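Single-structure report; data block below.
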Amino acid sequence: MSSDWLVFRLVTATVAGTACFIFAAFLFLFGKDRRVSRLFAFSNLFLGLWNISDPAIALAPTHGVALFLDRLSYVWATLLILVFFRFVSAVLGRPALGRTVSTIHVVYGFVVSALTLTPYVIRDVKTLGDLVEIPGPLYSLFSGYFLFTLVASVLVFNSAWRRAEGLRRNQLKYLALVSALA
């Protein structure tokens, strides 16, 4: 038996995931600045995979498959963060937080990505009634990484926006706004 909230969640996840896939395909095919377009397309692809994971988990035939898909959704989220941070660097034309911090960020991202497939980040998932994730002891590593990247991206865009002029200033303002809303 599903709750109304679960049905709403699954429908919106499916719509959002589909929109992300369409947007990613559009960017892959028609993006003008190839490097920036591809990074943003991959960001949308991973966001779409992350969104579509909820319906996949809810429809999983067994608990083991549901748990694997839930953990895999965190891999998509971590890859989204890594690619989005590279997108920020590509838009700015330089490493977003310096070369050393960017390297640490990537290494930490791959470590977190590997950990998401273990019970240390997501211990269990319950699919009866509603989808409920039971976090593991290292869940805070993922959530901290996710929040740090989003906050750092907004701050970097804001800093670059303050220094920019004209059309570039407007572009950076909109990207900072979108990142803040994310």
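A quick note: this is a predicted structure, and the numbers were derived from the prediction, not measured.
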* Structure fact -> Rounded to the nearest 0.5 angstrom, the CH2-CD1 distance for W76 and I81 is 14.0 Å
* Asked: F110 and F146: same hydrophobic cluster, using ILVMFWY side-chain contacts below 4.5 Å?
  -> yes
* Could you grab the distance from atom CG of L69 to atom CG of L59, nearest 0.5 Å is fine? => 10.0 Å
* **A13 versus P55, closest heavy-atom pair with distance** => CB-CD, 3.9 Å
* Residue F21 excluded, over 12 heavy atoms near CZ under 6.0 Å -> yes
* To do: Kindly determine whether T116 and I122 satisfy side-chain contact (heavy atoms from CB on, under 4.5 Å), including the steps that lead there.
  => CA-CA 7 Å; T116 60; I122 296 296; over 6 Å; no
* **Spacing of Q171 atom CD and W161 atom CH2 [to the nearest 0.5 Å]** => 14.5 Å
* Asked: Hey, any chance L72 and I134 share a hydrophobic cluster, counting ILVMFWY side chains that come within less than 4.5 Å of each other, even indirectly?
  -> no
* Specify whether H105 and F148 have parallel, tilted or perpendicular ring planes, treating 30° as the upper limit for parallel and 60° as the lower limit for perpendicular. => tilted
* To do: Let me see the working for L131 and R9 under side-chain contact (heavy atoms from CB on, under 4.5 Å), right down to the final yes or no.
  => CA-CA 9 Å; L131 290 179; R9 181 177 170 185; 3.6 Å; yes
* Nearest non-hydrogen partners of S37 and G31, listed with the distance -> OG-CA, 3.2 Å
* Asked: Just checking, any donor-acceptor pair under 3.5 angstrom between side chains of R99 and T103?
  -> no
* To do: Tell me, yes or no, whether the heavy-atom count around R71 atom CZ, taken from other residues, nucleotides or ligands under 6.0 Å, exceeds 12.
  => yes
* Do Y108 and F85 share a hydrophobic cluster, counting only Ile, Leu, Val, Met, Phe, Trp and Tyr and linking them when any side-chain heavy atoms are less than 4.5 Å apart? -> yes
* Asked: Going only through I, L, V, M, F, W and Y residues with side-chain contacts under 4.5 Å, is there a path from V121 to L117?
  -> yes
* Closest approach of P137 and P119, non-hydrogen atoms and distance? -> CD-O, 4.0 Å
* F68 atom CZ, neighbour heavy-atom count above 12 within 6.0 Å -> no
* Asked: Is it the case that one hydrophobic cluster holds both V156 and V101, taking links as side-chain heavy atoms less than 4.5 Å apart, direct or via other members?
  -> yes
* To do: Just say parallel, tilted or perpendicular for the rings of F142 and W50, cut-offs at 30° and 60°.
  => perpendicular
* Which heavy atom in R86 sits nearest to a heavy atom in R35, and how many Å separate them? -> NH2-NH2, 3.5 Å
* Y74 side chain near E133 side chain, heavy-atom distance below 4.5 Å -> yes
* Taking it one step at a time, do V91 and R168 satisfy side-chain contact (heavy atoms from CB on, under 4.5 Å)? -> CA-CA 10 Å; V91 167; R168 180 76 171 157; 4.0 Å; yes
* Asked: When you measure from the side chain of D70 to the backbone N and O of A66, does any donor-acceptor pair fall under 3.5 Å?
  -> no
* Quick one: are the ring centres of Y120 and Y139 less than 6.0 Å apart? -> no
* Whether over 12 other heavy atoms sit under 6.0 Å from R34 CZ -> yes
* To do: Under the ring-ring contact (aromatic ring centres under 6.0 Å, His included) rule, what do F46 and F84 come out as? Steps first, then yes or no, please.
  => CA-CA 10 Å; F46 292 133; F84 183 75; over 10 Å; no
* Asked: About how many Å separate CG of L82 and OG1 of T149, when rounded to the nearest 0.5 Å?
  -> 7.5 Å
* Euclidean distance, L147 CG relative to S140 OG, rounded to 0.5 Å -> 11.0 Å
* Asked: Between S43 (side chain) and L39 (backbone), is there a donor-acceptor pair under 3.5 Å?
  -> yes
* Asked: So, T127 and H63: side-chain donor and acceptor under 3.5 Å apart, yes or no?
  -> no
* **Ring centers of F28, F42 separated by less than 6.0 Å** => yes
* Structure fact -> Between L138 and L115, the two heavy atoms sitting closest are CD1-CD1, 4.2 Å
* Write down the atom of T118, the atom of A114, and the distance for their closest heavy-atom approach. => CG2-O, 3.9 Å
* Euclidean distance, L92 CG relative to L172 CG, rounded to 0.5 Å -> 6.5 Å
